[in-house]
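Report on the structure given below.
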Amino acid sequence: MPLDHDDLTRFLTSVHPYDALDEAALAALLPAFRTKSMAAGQQIYTPGEPLEGLYLIHSGAVEVRDQNGAQISALGPRNSFGERGLSRDGIAVTSARTAEDTVLLVLPKSDFLRLVETEPVAARFFDRQRGPKPKRADLATSRVETLMARDPLTCASDATVQDAACAMAERHVSSICICDDGVLSGIATIRDLSGKVVAGALPYDTPIAQVMTADPVSLPPSAIGSDVLHMMMERRIGHVPVTESGRLVGIVTQTDLTRFQATTTAELVSDIAKARDATGMARATARIPQLLTQLVAGGNRHEVVTRLITDIADAATRRLLTLAHEKLGPPPVPYLWAACGSQGRQEQTGVSDQDNCLMISDDVTPEQMPYYADLARFVCDGLDACGYVYCPGDMMATNSRWCQPMRVWRDYFNGWVRRPSPEAQMLASVMFDLRAIGGDAALLGSLQAQTLETASKNSIFVAHMASNALKHTPPLGLLRGFTTIRSGEHKNRLDLKHNGVVPVVDLGRIYALQGQLSPVNTRARLEEAVRKGQLSSSGGRDLLDAYDLIAETRLEHQARQIRAGKAPDNYLAPADLSDFERSHLRDAFVVVKSLQAAMGHGKGMLG
């Protein structure tokens with residue numbers, strides 16, 4: 001039985017994005033919806049069928065399954081489905097059936113496409129690609145919360161000027177905020193102390209309240225960087241407190257603005273290249289968190305951010321190799337320093353340990369091998385000092401197993417391919433992501449090409465690797481929710497690394513292995529898999545869109561943590577996301593799970 005006008009209006013105004021439409025737009029859309037009542041167990045559509053339109057569940061439950069019959073989604077009231085097929089060619093790529101008596105609202109394809117073309121809020125909700133973004137962070141696009149220092153120096157209004165001066169000297173800062181019970185009442189600077197206290201010959205026990213600037217101008221965290229600059233220029237001040245409801249939450253100084261505008265990957269790489277030791281390099285790498293927040297705030301795509309962050313690690317590694325040569329002397333025979341893991345794939349974020357190895361020319365003699373052990377120790381210790389902590393699994397050149405002549409490395413790869421034990425699968429997964437960082441890159445090039453050719457022809461090895469790649473699964477529950485970590489420090493959170501990006505990384509590696517694809521970067525592997533026909537055009541677009549959303553959600557989470565003064569990690573509480581963000585993130589996980597299911601059934605591509 002069709003819903004009447006009032007019932008339909010009440011329902012749609014409780015569902016996003018219809019709740020954001022203006023009254024006239026919603027009224028114009030109402031007549032387009034058709035009500036469809038279905039009994040439990042009825043098929044709504046199957047793969048390859050034309051879709052009636054966009055489906056919106058008014059009541060009941062719907063199961064969505066992939067082409068192999070594996071359930072990928074359990075939907076309930078207010079959930080939509082079918083929009084991905086409509087935005088492509090109008091053909092279903094999954095199947096859907098009712099799990100109980102269900103009432104559906106169907107919006108025909110033409111009306112759906114008109115909706116996303118004319119209503120930006122609907123376009124954003126249904127668009128997995130999320131539109132273009134600005135390329136660069138600057139003061140006009142960056143919020144004050146990304147610029148401010150979150151732990152400004154404070155004192156009470158009855159503190160003495162001597163107490164304030166001592167506190168400023170100890171912290172090496174040029175201002176102090178005067179607060180009582182967290183509420184900002186004034187600010188005092190070095191200029192105030194020199195111009196009013198010293199020049200005025202005031203006693204050192206003068207209350208700071210007598211010399212401070214009372215009720216200083218301030219800005220909220222939501223202001224933009226240019227607001228700070230304009231305020232400083234207009235009022236000739238160098239410090240702007242940041243407040244929320246009168247309470248001090250941070251401060252921005254001229255130094256902060258200068259540092260923000262100057263912090264670029266080029267500047268950090270230059271500082272690293274000129275450093276004389278690991279301590280000097282560490283001063284540069286310590287600015288990586290600030291750089292990450294700037295890059296994310298500027299709307300840069302995740303593959304751009306991670307590439308720029310990885311470039312800094314590469315520069316640090318090469319500088320340490322140069323410093324090692326200066327200390328140890330020139331290497332006896334050619335060698336290659338290679339990175340694996342996220343550095344190898346150029347996908348480093350704000351949380352990175354080190355994964356590396358040394359490949360040495362077969363001309364090396366046993367007497368010369370200690371040189372390379374010393375080289376490995378020097379570089380790995382230096383990287384740890386720079387914040388790239390030692391690998392928990394000891395996948396580093398300091399482990400003699402990963403510091404070997406080329407003949408040993410060839411035996412390693414051949415053995416892993418011939419005998420794909422669980423350990424061999426794990427090691428091969430890591431080592432297939434190798435990338436040359438310093439030394440003779442030709443040593444790795446020939447090994448990789450030979451290994452890819454051999455491995456791709458061994459169907460048993462490929463099957464084992466594919467099975468191993470499916471061990472990391474997206475965090476999807478059957479009842480429309482996420483599966484979060486059940487206990488421990490990160491209880492009730494999503495692991496955006498192991499259950500988010502890693503499943504896509506694993507899929508990309510298998511596509512590279514099957515097709516002998518040379519790229520190591522995950523996104524480049526997926527794009528190449530589409531070009532080579534291993535991954536269908538529609539399946540490839542879906543997976544790339546899903547990967548982009550998951551990876552960018554991870555980076556945005558880390559940037560928020562850094563802005564809050566916390567160490568970045570990969571654990572996100574679903575409650576920290578809006579309904580809109582949760583909906584799209586869940587859809588992205590569904591796409592990844594579908595591709596895993598296709599691979600699990602022996603299919604290299606999604607149709």
Across all chains, not counting sequence neighbours, the side-chain hydrogen bond (donor to acceptor under 3.5 Å, both in side chains) partners of Thr451 are none
So that I can tick it off, tell me whether Asp506 and Arg509 are bridged by a salt bridge, with the cut-off set at under 4.0 angstrom between side-chain N and carboxylate O. yes
Original post:
Would you call the rings of Tyr45 and Phe81 parallel, tilted or perpendicular if under 30° counts as parallel and over 60° as perpendicular?
Top reply: tilted
query = Taking everything shown except Arg307 itself, do over 12 heavy atoms lie less than 6.0 Å from its CZ?
reply = no
Between Lys497 and Asp569, is there a side-chain N and carboxylate O pair less than 4.0 Å apart? no
Partner of Thr522 under side-chain hydrogen bond (donor to acceptor under 3.5 Å, both in side chains), picked from Gln346, Glu303, Glu347, is Glu347
Applying side-chain hydrogen bond (donor to acceptor under 3.5 Å, both in side chains) to Asp384 and not counting sequence neighbours gives none
Here the pair of heavy atoms bringing Ala92 nearest to Thr46 is CB-O, 3.6 Å
| message | Can a donor-acceptor pair be found, under 3.5 Å and without considering hydrogens, that links the side chain of Glu527 to the backbone of Ala524? | response | no
Step by step, work out the side chain to side chain contact (heavy atoms under 4.5 Å, CB included) result for Phe482 and Leu585. CA-CA 10 Å; Phe482 294 117; Leu585 183 60; 4.3 Å; yes
Do the charged groups of Arg541 and Asp545 touch, with an N to O distance under 4.0 Å? no
Check whether the side chains of Gln343 and Thr310 place a donor and an acceptor atom closer than 3.5 Å, and report yes or no. no
Next on the checklist: Looking at Ile460, I'd like to know if its CD1 atom is crowded, meaning that more than 12 non-hydrogen atoms belonging to other residues, nucleotides or ligands lie closer than 6.0 Å.
Outcome noted: no
Please tabulate, one pair per line, all N/O donor-acceptor pairs under 3.5 Å involving side-chain atoms of residues 422-429, not counting sequence neighbours.
unit_1	atom_1	unit_2	atom_2	d
Glu423	OE2	Arg401	NH1	3.3
Gln425	NE2	Pro420	O	3.0
Ser429	OG	Gln425	O	2.9

Residue pairs meeting salt bridge (Lys or Arg N to Asp or Glu O under 4.0 Å), one or both in residues 319-336, sequence neighbours left out, come to Arg276-Glu326
Thr279 and Arg283, any side-chain heavy atoms less than 4.5 Å apart:
yes
With sequence neighbours left out, the residues meeting ring pair (Phe, Tyr, Trp, His ring centres under 6.0 Å) with Tyr412 are Trp402, Trp409, Trp416
Ion pair present between Glu528 and Lys532, side-chain N to carboxylate O less than 4.0 angstrom?
yes
Item to complete: Would you confirm whether His584, through its side chain, and Leu549, through its main-chain N or O, come within 3.5 Å as a donor-acceptor pair?
Response: no
side-chain contact (heavy atoms from CB on, under 4.5 Å) test vs Leu595 passes for just one of Asp542, Val504, Leu535, namely Leu535
Sorted by chain and residue number, the side-chain hydrogen bond (donor to acceptor under 3.5 Å, both in side chains) partners of Gln404 (sequence neighbours excluded) come out as none
Do the side chains of Arg523 and Asp548 get close enough for a salt bridge, i.e. N-O under 4.0 angstrom? yes
**Request:** Classify the angle between the aromatic ring planes of Phe432 and Phe461 as parallel (below 30°), tilted (30 to 60°) or perpendicular (above 60°).
**Result:** tilted
(message) Between Tyr547 and His302, does the ring pair (Phe, Tyr, Trp, His ring centres under 6.0 Å) criterion hold? Intermediate values first, please.
(response) CA-CA 10 Å; Tyr547 178 51; His302 70 92; 5.1 Å; yes
When Met431, Met396, Met395 are each screened for side-chain contact (heavy atoms from CB on, under 4.5 Å) with Asp355, the one that passes is Met395
With no hydrogens and no angle check, is any side-chain donor or acceptor of Asn300 less than 3.5 Å from a backbone partner on Val305?
no
